[in-house]
Amino acid sequence: MLELINVSLNLDGDKGQVEILKEINLTLKEKKIYVMTGPNGGGKSSVAKTIMGIYRPTDGKILLDGMDITQLGITDRARLGIGYAFQQPPRFKGMKVGDILNIAASPERETNVCDLLYDVGLCAQDYLNREINASFSGGELKRVEIASILARNLRVAVFDEPEAGIDLWSFQKLTETFENLNKKYDTTIVIISHQERILRLADEVILVSNGTISEITSQEKILGEIERLDSRCDCRNNCSLGGNINVECDR
Ligand SMILES: Nc1ncnc2c1ncn2[C@@H]1O[C@H](COP(=O)(O)OP(=O)(O)OP(=O)(O)O)[C@@H](O)[C@H]1O
Ligand SMILES: [Mg+2]
């Protein structure tokens with residue numbers, strides 16, 4: 001459905017061009033949930049922004065249902081049904097929450113704006129008529145942003161660390177919302193996340209590090225690896241035992 005073929009990305013850094021993504025090959029299928037994970041600075045948000053058209057690849061191609069969209073900008077890709085919820089959402093200052101959601105809402109989905117707010121753990125009567133300004137907390141803003149993506153009738157929806165800054169109750173609601181979105185619509189969902197609870201939603205886990213996809217794997221394998229890491233000697237222990245990772249932990 002969405003294909004990235006040999007996608008590379010160079011951007012202008014402080015000291016000239018920096019290689020951000022290297023020959024990314026990725027095929028996303030309809031109605032699947034993908035969780036993209038990996039170390040900080042590995043390139044996850046850059047992959048998402050390249051899918052959305054915020055960054056144009058230096059090399060390679062992006063296809064949507066076989067159509068080459070590599071040269072299309074953000075607006076055209078949005079029209080074709082690609083959506084991205086930013087890791088750090090911009091503030092649409094001066095607009096009411098209800099207006100933002102109504103602008104985003106797709107007529108095909110007959111979305112109720114109050115339901116959307118509920119899905120991200122916000123109470124409609126408190127937020128619908130509230131104007132977005134500096135008084136919004138990071139978590140509130142993040143949830144309005146996620147709701148605006150949920151409002152749209154998308155082919156591919158990418159959520160960049162939706163859990164960041166979100167309280168436990170809203171997080172629980174959000175994981176249910178992703179599951180329901182997946183059950184109800186054909187949208188392909190990509191969630192960038194470091195959270196085990198989100199990893200458990202994945203049909204496939206995409207590991208991104210050093211600007212490449214190092215592995216496409218199952219949630220079981222990744223969760224198993226996390227468990228193994230957990231049971232290994234921890235840094236403090238290793239250090240007090242002379243820094244040898246193979247030394248038996250005394251615990
Ligand atoms: N516009 C830019 N100019 C220069 N370098 C950039 C730019 N955007 C990203 N980078 C660099 O590219 C690398 C990948 O960044 P990216 O934001 O994609 O990582 P990430 O995997 O999303 O990390 P995190 O888990 O911290 O969100 C980082 O080293 C970052 O500093
Ligand atoms: Mg990121």
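Each ligand, and each atom within it, is numbered from 1 in the order the structure gives.
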Open item on the list: Tell me which pairs pass side-chain hydrogen bond (donor to acceptor under 3.5 Å, both in side chains) where either residue lies in residues 174-185, with sequence neighbours left out.
Closed with: Gln172-Glu176

- [ ] Please confirm whether Gly42 comes within less than 3.5 Å of ligand 1 when only nitrogen or oxygen atoms on both sides are compared.
- [x] yes

- [ ] Using side-chain hydrogen bond (donor to acceptor under 3.5 Å, both in side chains) as the criterion, point out the one residue from Thr188, Thr187, Asp65 that pairs with Arg155.
- [x] Asp65

Open item on the list: Can you check which of Ser193, Gly38, Gly41, Ser45 brings a heavy atom nearest to atom 23 (O) of ligand 1?
Closed with: Gly41

Task: Closer than 4.0 Å: a protein non-hydrogen atom to atom 28 (C) of ligand 1 - done: yes

Task: Residue and atom name of the nearest protein heavy atom (relative to atom 1 (N) of ligand 1), distance in Å to one decimal - done: Tyr55 OH, 3.4 Å

Task: Pairwise side-chain contact, Asp59 with Asn6, heavy-atom cut-off 4.5 Å (strictly under) - done: no

Task: Protein residue, atom and distance nearest to atom 25 (O) of ligand 1, heavy-atom basis - done: Lys44 NZ, 2.8 Å

- [ ] Looking only at protein heavy atoms, identify the closest one to atom 2 (C) of ligand 1 and say how far it is in Å.
- [x] Leu11 CD1, 3.4 Å

TODO: Just let me know how Ile20 lines up against ligand 1, side chain, backbone, both or neither, with a heavy-atom cut-off below 4.0 Å.
DONE: side chain

Open item on the list: Only heavy atoms of Gln87, strictly under 4.0 Å: list the atoms of ligand 1 that pass.
Closed with: 27 (O)

TODO: Would you indicate which of Ile54, Leu21, Asp12, Asn10 comes nearest to atom 4 (C) of ligand 1 when only heavy atoms are counted?
DONE: Asp12

- [ ] Return the minimal non-hydrogen interatomic distance between Leu117 and Ala124, and the atom names on each side.
- [x] CD1-CA, 3.9 Å

TODO: Verify the cluster assignment for Tyr55 and Leu4: are they in a single hydrophobic cluster under the rule of side-chain heavy atoms below 4.5 Å apart?
DONE: yes

TODO: List in chain and number order the residues that pass salt bridge (charged side-chain N to carboxylate O under 4.0 Å, His left out) with Arg56, two or more places apart in sequence or in another chain; answer none if no residue qualifies.
DONE: none

TODO: Any ring-ring contact (aromatic ring centres under 6.0 Å, His included) involving residues 118-139? Give me the pairs, sequence neighbours left out, ordered by first then second residue.
DONE: none

Task: Partner of Ser193 under side chain to side chain contact (heavy atoms under 4.5 Å, CB included), chosen from Thr37, Leu199, Ile198 - done: Ile198

TODO: Note the single closest protein heavy atom to atom 26 (O) of ligand 1, along with its residue, its atom name and the distance in Å.
DONE: Asn40 ND2, 3.2 Å

TODO: For ligand 1, indicate whether the residue Lys49 contacts it via side chain, backbone, both or neither (heavy-atom separation under 4.0 Å).
DONE: neither

TODO: Would you indicate whether the side-chain heavy atoms of Leu181 and Leu150 approach each other to under 4.5 Å?
DONE: yes

Open item on the list: Ignoring waters, how many N, O or S atoms from the protein are under 2.8 Å from the Mg ion (ligand 2)?
Closed with: 2

Open item on the list: Under 4.0 Å from a heavy atom of His194: which atoms of ligand 1 are those, numbered in the order shown and with their elements?
Closed with: 25 (O)

- [ ] Kindly work out whether a path of hydrophobic side-chain contacts (I/L/V/M/F/W/Y, heavy atoms less than 4.5 Å apart) joins Ile20 to Leu207.
- [x] no

TODO: For ring pair (Phe, Tyr, Trp, His ring centres under 6.0 Å), just list the numbers for Tyr84 and Phe159, CA-CA rounded to whole Å, side-chain angles, deciding distance to a tenth of an Å, and then say yes or no.
DONE: CA-CA 6 Å; Tyr84 173 56; Phe159 299 92; 9.3 Å; no

TODO: For residues Lys44 and Ile206, determine if any side-chain heavy atom of one lies less than 4.5 Å from a side-chain heavy atom of the other.
DONE: no

Open item on the list: Please check whether Gly43 reaches ligand 1 - meaning an N/O of the residue sits under 3.5 Å from an N/O of the ligand, judged on distance alone.
Closed with: yes

- [ ] For side-chain contact (heavy atoms from CB on, under 4.5 Å), just list the numbers for Ile146 and Ile149, CA-CA rounded to whole Å, side-chain angles, deciding distance to a tenth of an Å, and then say yes or no.
- [x] CA-CA 5 Å; Ile146 294 169; Ile149 294 295; 5.8 Å; no

TODO: Nearest heavy atom to atom 18 (O) of ligand 1 wins, so pick from Gly211, Ser209, Ser46.
DONE: Ser46

Open item on the list: Going by a strict under-4.0 Å cutoff (protein heavy atoms only), does atom 31 (O) of ligand 1 have a neighbour on the protein?
Closed with: no

